[in-house]
Colleague: 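First the structure, then my questions, so here it is.
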Amino acid sequence: MALFVQHGHGKSDKIDAALESTSVEGVIFGARNEKIENIESCVKSVRERGGKVLFDPQFHVSTLVPANDRFLPDYPYYKVGRTAADFVGIKKLAGYVKSTLDFQLNLAPDRLLSPTVIFDSFESNWCQTALNLADASLDYHAGLAGAPPLLLSFVIGEQALSSRTELDAFLDQVTSWDSLAGTYVILSREESSYSQRFDPAHLAKALYLTYVLGNINGFEVINGFSDFCGLLHRCVGGTAFATGWSQGLRQFHRRSFKKQKAGGQPARYRYTSAPLLSSILLSELQQIYENGKLDAVLSGVPLDALITEATSPEESDWNGRWSELHHWESLHRLENVVGHDVSESINAMEEKIVAARELYVGLAEEGVVFGQRTQPEEHLDQWSEAISSFREMASL
Amino acid sequence: MSDFDICRFPLRVEHTWCFSDFHLPDFGALYSNQMALPTITEQNIKDLLPSVTGAIPSGRGGQKIVFRIELEGQAFALKFALLSDAFQPDIADIDETVLRARRETQIMQECKSPHIVKVGPVDLGTAAIDGQNVLYFSEEFIDGQALSDAIRESGPLTVPSVVKLGQQMCSAIDELWSLGKIHRDIKPSNIMQRSHETNFVLLDAGLAFDVAGESISAGFLVGTMAYFSPEQFDYTNRRVMDFRSDMFSLGVTLYEAATGQHPFLSPTTSTPHLYTKITKHNPPSPSSINPLIPGSLDKVILRMMGKSPHLRYRRISQLQEALALI
């Protein structure tokens with residue numbers, strides 16, 4: 001089991017419920033959404049339930065302007081509006097590293113996460129800053145006797161994955177650090193909203209990154225905010241993946257950390273279908289039910305009972321809360337795709353993709369109409385293409 | 001099969017090179033300045049180093065000659081290399097050839113591994129012979145055969161010998177890296193196999209690159225192209241080169257030792273094609289050439305020859321462990 005809850009706003013008792021359902025291994029807390037005075041008790045609560053704990057310092061938000069940083073300004077290592085000039089000089093970097101890691105040491109998490117900055121190109125100065133922070137973190141960590149293992153954080157803009165050459169150079173650098181235990185990698189997505197779509201060329205390189213770090217070099221790799229794609233990362237060598245409860249917290253979008261106008265529509269309830277490898281609207285599930293195909297799309301997890309024991313999906317007690325817990329349960333169930341080696345795992349994943357595509361086609365033939373945001377076939381085709389490109393890159 | 005020995009080209013023309021322009025023959029190219037060494041006789045050596053006896057030539061290239069000598073009853077190798085016309089004894093400290101030789105002797109002094117050749121009792125010096133300036137220094141005399149000759153004469157090594165070669169060269173690479181250095185010219189002709197035991201010794205540390213210091217060959221690529229790692233072709237990338245570059249060259253060497261064939265080079269390979277093969281093509285598995293090679297050794301050798309450093313072993317100890325499992 002290698003699924004983590006990615007903590008965000010509106011926590012209520014969601015984490016407790018997820019841990020009780022045993023579908024998740026632990027929690028990655030985010031500083032932005034937790035008051036500093038509460039964080040210790042949050043960590044303690046997870047520990048009492050046997051969950052693992054990581055604390056994402058979200059240091060990277062400090063370079064976003066205007067930042068939607070909520071509770072972050074209360075944390076000692078954070079300062080809003082840092083510019084490139086704030087990262088010039090070894091002493092400054094060492095100071096950021098010390099304050100960020102020292103804060104985490106007090107929480108005694110299972111892994112320490114290094115401070116980092118977001119970058120959109122592996123050749124950019126920001127990438128160099130991220131590497132410098134990583135290097136400084138390794139140095140500082142080396143002097144911490146008995147500290148938890150350190151994972152180097154990287155928040156990579158999806159656009160950076162356009163260049164294979166630059167990615168290779170980045171990987172050469174990261175894999176040259178002898179004392180490195182692992183990485184915590186977040187991809188900043190370009191899709192405007194929650195979606196399983198992923199530019200195949202970008203996804204292939206993202207998978208290659210995980211493959212090189214996790215499978216080839218044996219590092220621990222946690223793919224934060226990776227949601228469904230986290231399964232693909234697990235297949236190629238990722239150690240664990242994470243996703244949040246609501247759609248806005250399942251993937252990383254930079255705009256979530258920038259101030260925006262309030263508004264938007266209330267979320268519509270969704271159902272995560274493992275066979276369809278996607279999250280569909282409850283209204284779409286209702287159509288499937290009416291066409292007599294409900295069993296074909298059920299995830300096969302305990303919370304399905306809420307649907308199957310009701311008169312119909314729309315007549316069930318399904319709500320946001322169940323939807324969130326069910327999402328974790330479904331991803332956890334899908335993790336059985338991970339086999340003994342990369343080839344076996346991605347073969348199994350491809351079989352699931354083929355089956356999902358056939359299921360979508362069959363449902364469409366039955367008259368089921370999926371909404372624009374579900375875009376059933378597009379993401380499956382993209383994933384297939386990405387896997388194919390990845391195979392070529394990895395010579396598998 | 002001929003070695004594509006030491007090649008150098010200026011950074012400024014790196015996209016317009018003509019490979020044949022810098023394809024220099026023979027091992028002496030390390031000290032190349034396109035002039036021939038003077039004839040060095042036993043008497044020359046006697047005049048220069050009166051305590052030396054029994055000097056016998058044991059190897060010669062265009063720019064370098066090696067003698068087997070005896071000092072107080074013990075055998076050593078005495079190397080002579082030609083210095084350039086521009087060499088001036090009063091500013092020897094900045095002469096590139098002298099600096100290379102000094103580096104080689106320093107490395108030999110620092111390394112304790114039994115698989116790196118040891119420095120001898122004759123310190124680095126310069127002399128004029130027949131009006132030409134030469135430098136000389138001594139090192140351990142290894143009674144044995146170059147691996148390149150062994151492969152040429154007897155064909156592929158046995159699997160246990162390939163594994164032993166790999167493990168012993170790992171020890172040499174590891175020691176160099178612990179000193180912050182990479183060898184940059186690992187190849188069969190730079191590895192000696194001792195006569196009376198199956199131990200291998202790495203020679204010619206003169207190209208070793210100190211990753212923390214300034215290069216003594218700024219503006220040039222150095223090494224032997226057929227054994228270059230892909231990243232060795234990229235001058236601009238040189239600062240991030242590490243021991244994994246030597247690991248690639250060792251992979252090529254093990255491939256050759258295991259199969260009797262170079263993975264990228266054949267008699268018909270043009271030099272531009274060689275570059276493309278090293279940087280882009282995956283060679284056939286060693287076992288497809290020599291069926292006696294087990295799959296586990298196939299895997300290790302091919303991984304050592306990963307096109308990017310991040311595809312190889314990230315620690316020498318991991319490679320050693322993988323070799324131990326064969």
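In the text below, chain A, chain B and the rest are named by the order of the sequence lines, each starting its count at 1. Because the structure is a prediction, the values reported are computed rather than measured.
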Colleague: Check whether A/Phe170 gets within reach of chain B through its side chain, its backbone, both or neither, counting any heavy atom under 4.5 Å.
Modeller: neither

Colleague: Distance to the ring centre below 6.0 angstrom and angle to the axis at most 45 degrees; does that hold for A/Arg189 and A/Phe198?
Modeller: yes

Colleague: Side chain from CB out, backbone as N, CA, C, O: work out which of these in B/Arg303 comes under 4.5 Å of a heavy atom of chain A, or both, or neither.
Modeller: side chain

Colleague: Run the salt bridge (Lys or Arg N to Asp or Glu O under 4.0 Å) check on A/Arg254 and A/Glu158 step by step: do they pass?
Modeller: CA-CA 11 Å; A/Arg254 212 169 309 193; A/Glu158 196 183 320; over 6 Å; no

Colleague: Check each atom of B/Arg314 against the heavy atoms of chain A and say whether the ones under 4.5 Å are side chain, backbone, both or neither.
Modeller: both

Colleague: Would A/Arg82 count as a cation-pi partner of A/Tyr96, with NZ or CZ less than 6.0 Å from the six-membered ring centre and within 45° of the ring normal?
Modeller: yes

Colleague: Report the relative orientation of the aromatic rings in A/Tyr208 and B/His310; use parallel for angles under 30°, tilted for 30 to 60°, perpendicular for over 60°.
Modeller: perpendicular

